[in-house]
Amino acid sequence: MILRRIEHYGHTHEQASTDIRKGSGNVAVVFPKYGKGSQNFSDFEVLSTWDDVKAIVEAFAQIGHPAALRLKRAEGLTAAIEALIKNSN
């Protein structure tokens, strides 16, 4: 994941992180020592819930991302199978 800061005059600063930590009902992507210069470093984290992930997958599906489209189809197939099992009991 990339954290991007956009400053008011258009300059941007980006930092990538794959440091993912599990929380209670969410996950956090940690961005240690984010910032520029020796005096401006702060630690940041981006917290995401499952609803956030679903919304991101939906946005990727809307722009035609193949993996997101496959995930959406798999979700539909799973729901159909679960309904079939429920109705057969």
Output the distance between atom CH2 (Trp50) and atom CG (Asn26), rounded to the nearest 0.5 Å. 13.5 Å
Step by step, work out the side-chain contact (heavy atoms from CB on, under 4.5 Å) result for Lys86 and Glu82. CA-CA 6 Å; Lys86 181 180 178 183; Glu82 288 173 346; over 6 Å; no
Tightest non-hydrogen contact, residues Ala68 and Ala61, listed as CB-N, 3.5 Å
Rounded to the nearest 0.5 Å, how far does CD of Gln62 lie from NZ of Lys72? 8.5 Å
Does the Gln15 side chain pair with the main chain of Pro32, one donor and one acceptor, at a distance under 3.5 Å? yes
In Leu3, Ile2, Val30, the residue satisfying side-chain contact (heavy atoms from CB on, under 4.5 Å) with Val46 is Leu3
From Ile20 atom CD1 to Met1 atom CE, the distance as rounded to the nearest 0.5 Å: 7.0 Å
Looking at Glu14 and Arg5, is any side-chain nitrogen of the basic one under 4.0 Å from a carboxylate oxygen of the acidic one? no
Within one Ile-Leu-Val-Met-Phe-Trp-Tyr cluster: Ile56 and Ile63, side-chain cutoff 4.5 Å: yes
Nearest 0.5 Å please: distance from the CG atom of Leu47 over to the CD atom of Glu45. 5.0 Å
Would you call Asp52 and Lys54 a salt bridge, taking side-chain N to carboxylate O under 4.0 Å as the test? no
Can you tell me how far the CZ atom of Arg70 sits from the NE2 atom of His65, to the nearest 0.5 Å? 8.5 Å
